[in-house]
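Accompanying notes for the structure given below.
Lettering of chains follows the sequences in order, A, B, ..., and the numbering in each one begins at 1. All values below were derived from every heavy atom in this structure, side-chain atoms included, with hydrogens, water molecules and symmetry-related copies excluded.
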There are 2 protein chains.
Amino acid sequence: MGRPPRIDRAGVLDTAMALADESGLEAVTMQAVASRLGVTPMALYRHVGDKAALLDGLVERLLLDVDSPSPDLTGPRQLMEMARALRATGQRHRGVFPLLLTRPVATPLAMQVRASVVEALEVAGTGSDRVGQTERLVSTAVLGFIVSEVSGRFRNHPRQVIDADFDRLLELLGGFVTHHQDRQPD
Amino acid sequence: MGRPPRIDRAGVLDTAMALADESGLEAVTMQAVASRLGVTPMALYRHVGDKAALLDGLVERLLLDVDSPSPDLTGPRQLMEMARALRATGQRHRGVFPLLLTRPVATPLAMQVRASVVEALEVAGTGSDRVGQTERLVSTAVLGFIVSEVSGRFRNHPRQVIDADFDRLLELLGGFVTHHQDRQPD
DNA sequence: ACCTGAACACCGTTCAAGT
DNA sequence: ACCTGAACACCGTTCAAGT
């Protein structure tokens, strides 16, 4: 007993994420991850649990990768900045990003992200009976766009066009959010 | 030679779709489909090609499943009806539906669906320099919502709440489309 | 023309065994 | 405590062979 570990959870997730970035999510197999770490597949189970748990770990990593908006931004501006940061994460991690559209907001980190959106909506003046719904619709529109983009639905269009589409989406969200406010914050 | 075929493409796709509906997309394996047809996996290759081609076939089936809107609806009303029909298809075929967010509009059927959306936008008065972009944003918002719903992102919310969210989305799309018209059609 | 058997290179996962 | 070997039940796909 007391054998020094040759791998750890962080290293396994690093390797799995790198593999996903390079070759897509389907390249993330227990064997491929293990082989890159110089270990057999069975060694991974102690550190990350099974395959599903490994994917959960990657989603957690994804959320950690999202840059927080500068704290002097609030309301619609903050919302737009968060959407841009989310898109940057999507572009850095195309393979893993689509998993976000699948999971309910359940982990502490995901709940924290949602709380930021809710706060921005409240500052923008969204009626309190509407914040939940608005948060879901705004998040869905932004996630839907980024997932479409990174998973290739727009691959027949030049990047320039897609960038302009995203700018317009942000513009619409900003406008939507401010049009629906009951009263200015101060 | 001249042996009578025991299976055909349509039957293979029927079986694959049924399997996806019952147990999700990951249950659609060549072996499972074949076994349900009373045949070995290798028999499928002649009729549907490989696994990727089989999935393409399922996506085609999905588009065929979408009800066309009543022909006396035009503009925003038509758009809303198409979105509702798309959602119904998503609910009938939860397993396969998310593939739509992955694929570019390339098949004849998919191009036909897009043309309907474009036409509805034009009738609603969307400026011709904006129809392409608007079509992409509207489709993305609707697909993003339905994929979220059928793949479980909203599973912590009661159906009633999700239905209300969708109604609001349609309302916003209808309003958005008519606010941005340059001139009434007649 | 259509289907199969055998074969290959993969998957995820378990469990007892080695150090 | 940590890793492995052997084993199991799966994957998708090919190719020559049977009818």
Side-chain angles (χ1 to χ4, degrees), chain A residues 1-61 94-96 98-99 102-103 151-152, chain B residues 1-61 94-96 98-99 102-103 151-152:
Chain A
M1 65 242 172
R3 178 123 91 106
R6 308 184 44 187
I7 60 177
D8 61 0
R9 178 181 159 82
V12 173
L13 292 178
D14 286 345
T15 305
M17 187 64 97
L19 223 33
D21 293 344
E22 293 164 25
S23 320
L25 194 62
E26 82 283 358
V28 181
T29 68
M30 299 303 264
Q31 355 262 324
V33 173
S35 135
R36 193 171 276 208
L37 288 164
V39 107
T40 65
M42 302 81 84
L44 303 179
Y45 285 78
R46 172 168 305 274
H47 299 281
V48 289
D50 63 9
K51 178 87 185 280
L54 190 158
L55 294 180
D56 288 344
L58 290 183
V59 170
E60 195 75 1
R61 279 284 229 267
R94 320 181 92 71
V96 177
L99 293 179
T102 292
R103 328 227 149 200
S151 63
Chain B
M1 65 241 173
R3 179 122 91 103
R6 309 183 44 186
I7 60 178
D8 61 1
R9 177 180 160 83
V12 173
L13 291 179
D14 286 345
T15 305
M17 187 64 98
L19 223 32
D21 293 345
E22 293 164 24
S23 320
L25 194 61
E26 81 284 357
V28 181
T29 68
M30 300 301 265
Q31 355 262 322
V33 173
S35 135
R36 193 171 276 208
L37 287 164
V39 108
T40 65
M42 301 80 84
L44 303 179
Y45 285 79
R46 172 169 307 272
H47 300 281
V48 288
D50 61 11
K51 178 87 185 280
L54 190 158
L55 294 180
D56 288 343
L58 289 183
V59 170
E60 195 75 1
R61 278 285 230 268
R94 320 180 93 71
V96 178
L99 293 180
T102 292
R103 329 227 148 198
S151 63

Note to self: Once rounded to the nearest 0.5 Å, what's the spacing between atom CG of D56(A) and atom CZ of R61(A)?
What the structure shows: 13.5 Å
Margin query: How long is the straight-line distance from CG of L55(A) back to CG of L13(A), given to the nearest 0.5 Å?
Written below: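 Between atom CG of L13(A) and atom CG of L55(A) there are 10.0 Å.
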d([atom1], [X]; [atom2], [N]) in whole Å:
{"X": "E26(A)", "N": "dG12(C)", "atom1": "CD", "atom2": "P", "result": "12 Å"}
{"X": "Q31(A)", "N": "dC10(D)", "atom1": "CD", "atom2": "P", "result": "16 Å"}
{"X": "K51(A)", "N": "dA9(D)", "atom1": "NZ", "atom2": "C1'", "result": "16 Å"}
{"X": "R46(A)", "N": "dT13(C)", "atom1": "CZ", "atom2": "C1'", "result": "15 Å"}
{"X": "L54(A)", "N": "dC11(C)", "atom1": "CG", "atom2": "C1'", "result": "14 Å"}
{"X": "Y45(B)", "N": "dC3(C)", "atom1": "OH", "atom2": "P", "result": "15 Å"}
{"X": "L44(A)", "N": "dG12(C)", "atom1": "CG", "atom2": "P", "result": "10 Å"}
{"X": "L37(A)", "N": "dT4(D)", "atom1": "CG", "atom2": "P", "result": "11 Å"}

Item checked: dT13(D): pairing nucleotide in any strand, Watson-Crick or G-U under 3.5 angstrom ->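 Check on dT13(D): paired to dA7(C), both distances under 3.5 Å.
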Next item on the list: Please give the nucleotide sitting opposite dT19(D) as a Watson-Crick or G-U wobble pair, both distances under 3.5 Å, or none.
Entry: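 The base-pairing partner of dT19(D), which may sit in any strand shown, is dA1(C).
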Margin query: Categorize M30(A) for me: base, sugar-phosphate, or nothing, with a 4.0 angstrom heavy-atom threshold over every strand shown.
Written below: sugar-phosphate
Check: Quick one: is T29(B) getting a side-chain N or O under 4.0 Å of the dC11(D) phosphate, OP1 or OP2?
Finding: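 Looking at the OP1 and OP2 atoms of dC11(D), one of them is under 4.0 Å from a side-chain N or O of T29(B).
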Notebook entry, point to check: Nearest to the side chain of H47(B), which nucleotide is it out of dT13(D), dC3(D), dC3(C)?
Noted result: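 Among the listed nucleotides, the one closest to the side chain of H47(B) is dC3(C).
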Margin query: Is it the case that the side chain of R36(A) and the backbone of A16(A) share a donor-acceptor pair, with hydrogens and angles ignored and the cut-off at 3.5 Å?
Written below: no
Next item on the list: Show your reasoning for whether side-chain contact (heavy atoms from CB on, under 4.5 Å) applies to I7(B) and T15(B).
Entry: CA-CA 11 Å; I7(B) 60 178; T15(B) 305; over 6 Å; no
Note to self: Using heavy-atom distances to pick each residue's nearest nucleotide on DNA chain C, tell me which of T40(B) and A27(A) is more 5'.
What the structure shows: T40(B)
Item checked: Residue that, paired with L44(A), satisfies side-chain contact (heavy atoms from CB on, under 4.5 Å) out of M30(A), K51(A), Q31(A) -> M30(A)
